[in-house]
2 protein chains.
Amino acid sequence: MERDDAGLVSILVRLSFTIQASMTAIAAEHDLSATQARLLGILRDREPTMAGLARFLGLDKSSITGLVDRAERRDLVRRIAAQRDGRSVQVAITPHGRQLIDACARAIEEQVGALLDGFTDAERRRLAALAGRVVLKDAEIKGVDLLTGAWPG
Amino acid sequence: MERDDAGLVSILVRLSFTIQASMTAIAAEHDLSATQARLLGILRDREPTMAGLARFLGLDKSSITGLVDRAERRDLVRRIAAQRDGRSVQVAITPHGRQLIDACARAIEEQVGALLDGFTDAERRRLAALAGRVVLKDAEIKGVDLLTGAWPG
DNA sequence: TATTGTTATACTCTATAACTATA
DNA sequence: TATAGTTATAGAGTATAACAATA
């Protein structure tokens, strides 16, 4: 059983490298770093504050300042003064940013999809169910909000 | 089918973030960056040259110089003059480096293993088989040497 | 006082280009 | 000439600590 787990964990680690490498390469083809792509991915359906972004990404707020600075300089995102709280800033994706991240998403769908070439529909469903349970368990352990992906705190 | 794939790809992407986050956190607990941990992982059972390391990691050779510099400064690895080729340098893990990466490996085994808590043996075998096929397919597409993990070229 | 965000600073990671030494 | 490795340089990404403005 230990032996089996050792194999399974190794395989999951390799799989994670595989997929992350795909995503990084696709982002680079679209002139994005992995981090900038992740930022845009988060902003696809949200306009969080800087502090919110820090929670989503699990980074210090001071790191977010530079991240958003660089993205704003490239017209990928923009800062909006928050109405409620005079201290807060909201971050929104620009049309240019959305176009880039949508193209990346399509490419990832295609490239990771190609790794599933020989899989039957039943096998796909099985893999989705099993991998889904791992993700669920992780969210449960960390207390991450599954809807938003944000970290607690 | 497209719908199913979209879900499956999303799940695999989330899974990859989950596992990478685990590994990064564990490395940090052991005072290692993700990259340094990966370097030590490669050196656990190999003594590649600098150029070899660049192939393993998919990085430029100039990046390897700094990476190995910093690891050597911390007594994690050491450079050895190659006997065959006067230009080459081989990189070996030190006892200290090995102790650190072994501790990381145990922690990853444990932490990722915890995500598989509710899984029956049959489910583990099924997940290993399915995920293994994805990794295999990736290696086949990229032409990566499965034994060593090195990139072609 | 507590929170939001920025600045200053420092370090790691990465690439490109130019260089040295060996083959 | 070609390959192995380093250096110089530049930029992204990240954290810690100190700060300003707002709550």
Side-chain angles (χ1 to χ4, degrees), chain A residues 17 20-21 23-25 27-42 47-74 76-92 150-151 153, chain B residues 17 20-21 23-25 27-42 47-74 76-92 150-151 153:
Chain A
F17 275 115
Q20 292 285 323
M23 290 194 296
T24 300
E29 283 165 23
H30 293 78
D31 267 301
L32 293 173
S33 70
T35 303
Q36 296 281 334
R38 207 174 161 202
L39 170 65
L40 296 185
I42 288 170
E47 292 193 357
T49 63
M50 298 293 280
L53 267 179
R55 278 196 301 276
F56 277 113
L57 290 163
L59 299 175
D60 190 87
K61 58 187 171 147
S62 66
S63 304
I64 306 299
T65 298
L67 198 60
V68 170
D69 280 350
R70 291 186 291 274
E72 204 170 24
R73 238 181 275 135
R74 295 182 52 190
L76 300 173
V77 309
R78 65 200 162 84
R79 283 176 166 91
I80 311 168
Q83 62 289 51
R84 299 274 190 181
D85 188 329
R87 300 168 300 180
S88 277
V89 177
Q90 281 180 292
V91 184
W151 303 91
Chain B
F17 274 115
Q20 292 286 322
M23 291 194 296
T24 300
E29 285 165 21
H30 292 80
D31 267 301
L32 293 173
S33 69
T35 304
Q36 295 280 334
R38 205 173 161 206
L39 170 66
L40 296 185
I42 288 172
E47 293 193 357
T49 62
M50 299 292 282
L53 268 179
R55 278 196 300 276
F56 277 114
L57 291 164
L59 299 175
D60 190 86
K61 57 188 172 148
S62 66
S63 303
I64 307 299
T65 298
L67 198 60
V68 170
D69 279 352
R70 290 185 292 274
E72 203 169 25
R73 238 181 277 136
R74 296 182 51 189
L76 301 174
V77 309
R78 65 198 162 84
R79 285 175 165 92
I80 310 168
Q83 61 289 49
R84 300 271 191 183
D85 188 328
R87 299 167 300 180
S88 278
V89 176
Q90 281 180 292
V91 184
W151 303 89

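Side-chain atoms are counted along with the backbone in the values below, which use heavy atoms only and exclude waters and symmetry mates. The sequence lines fix the lettering, A, B, ..., with proteins before strands; numbering per chain opens at 1.
The side chain of B:D60 approaches C:dT16 more closely than any other nucleotide in the set C:dT16, C:dG5, D:dG13. The side chain of B:L59 sits closest to C:dA15 out of C:dA15, D:dT14, D:dT16. The listed nucleotides are D:dG13, C:dG5, D:dA15; the one nearest the side chain of A:T49 is C:dG5. Distance from the side chain of A:M50 is smallest for C:dT6 among the nucleotides C:dT6, D:dA12, D:dG5.
Taking side-chain N and O atoms only, A:S88 has no distance below 4.0 Å to OP1 or OP2 of C:dT4. Considering only side-chain N and O atoms, B:R79 lies under 4.0 angstrom from the phosphate OP1 or OP2 of D:dT6. The phosphate of D:dG13 has OP1 or OP2 within less than 4.0 Å of a side-chain N or O from A:Q36. Under 4.0 angstrom from either OP1 or OP2 of D:dA17 there lies no side-chain N or O belonging to A:S62. At the phosphate of D:dT6, OP1 or OP2 sits under 4.0 Å from a side-chain N or O atom of B:T65.
We find that CG of B:L67 is positioned 9 Å from C1' of C:dT12, with the value rounded to whole Å. The separation between B:L32 atom CG and D:dT14 atom P is 18 Å, rounded to whole Å. For the pair B:R70 CZ and C:dA10 P, the computed distance is 17 Å after rounding to whole Å. Computed from coordinates, the A:D31 CG to D:dG11 C1' distance equals 14 Å when rounded to whole Å. Put simply, CD1 on A:I64 is 16 Å from P on D:dA12, counting in whole angstrom units. Rounded to an integer number of Å, the gap from CG of B:D69 to P of D:dG5 is 13 Å. Regarding A:L53, its CG atom lies at a distance of 15 Å from the C1' atom of C:dT6, rounded to whole Å. In this structure, the CD atom of B:E72 is 13 Å from the P atom of D:dG5, given to the nearest Å.
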Can you build the contact string for nucleotides 18-23 of chain C? Use B for base contact, S for sugar-phosphate-only contact, and - for no protein heavy atom under 4.0 Å. ---BBS
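Taken to the nearest 0.5 Å, the NE2 atom of A:H30 stands 11.5 Å off from the CG atom of A:L40. Remark: B:L76 CG to B:D31 CG distance equals 10.0 Å, nearest 0.5 Å.
Residues A:Q90 and A:Q83 meet the side-chain proximity criterion, which asks for heavy atoms closer than 4.5 Å. Contact check for A:M50 versus A:V91: side-chain heavy atoms found under the 4.5 Å cut-off.
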Would A:I42 and A:L53 count as a side-chain contact (heavy atoms from CB on, under 4.5 Å) here? Give the steps. CA-CA 8 Å; A:I42 288 170; A:L53 267 179; 4.0 Å; yes
Evaluation steps, side-chain contact (heavy atoms from CB on, under 4.5 Å), between B:R74 and B:L32: CA-CA 10 Å; B:R74 296 182 51 189; B:L32 293 173; 4.2 Å; yes
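Within 4.0 Å (heavy atoms only), B:T35 reaches sugar-phosphate atoms of the nucleic acid but no base atom.
Of all the heavy atoms in A:A27 and A:S33, the pair that sits closest is CB-O, 4.0 Å.
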Contacts table for residues 56-72 of chain B: side-chain donor-acceptor under 3.5 angstrom, sequence neighbours left out:
unit_1: B:D60; atom_1: OD2; unit_2: B:S62; atom_2: N; d: 2.9
unit_1: B:D60; atom_1: OD2; unit_2: B:S62; atom_2: OG; d: 2.8
unit_1: B:D69; atom_1: OD1; unit_2: B:R79; atom_2: NH1; d: 3.0
unit_1: B:D69; atom_1: OD1; unit_2: B:R79; atom_2: NH2; d: 3.0
unit_1: B:E72; atom_1: OE1; unit_2: B:R79; atom_2: NH1; d: 2.7
unit_1: B:E72; atom_1: OE2; unit_2: B:R79; atom_2: N; d: 2.9

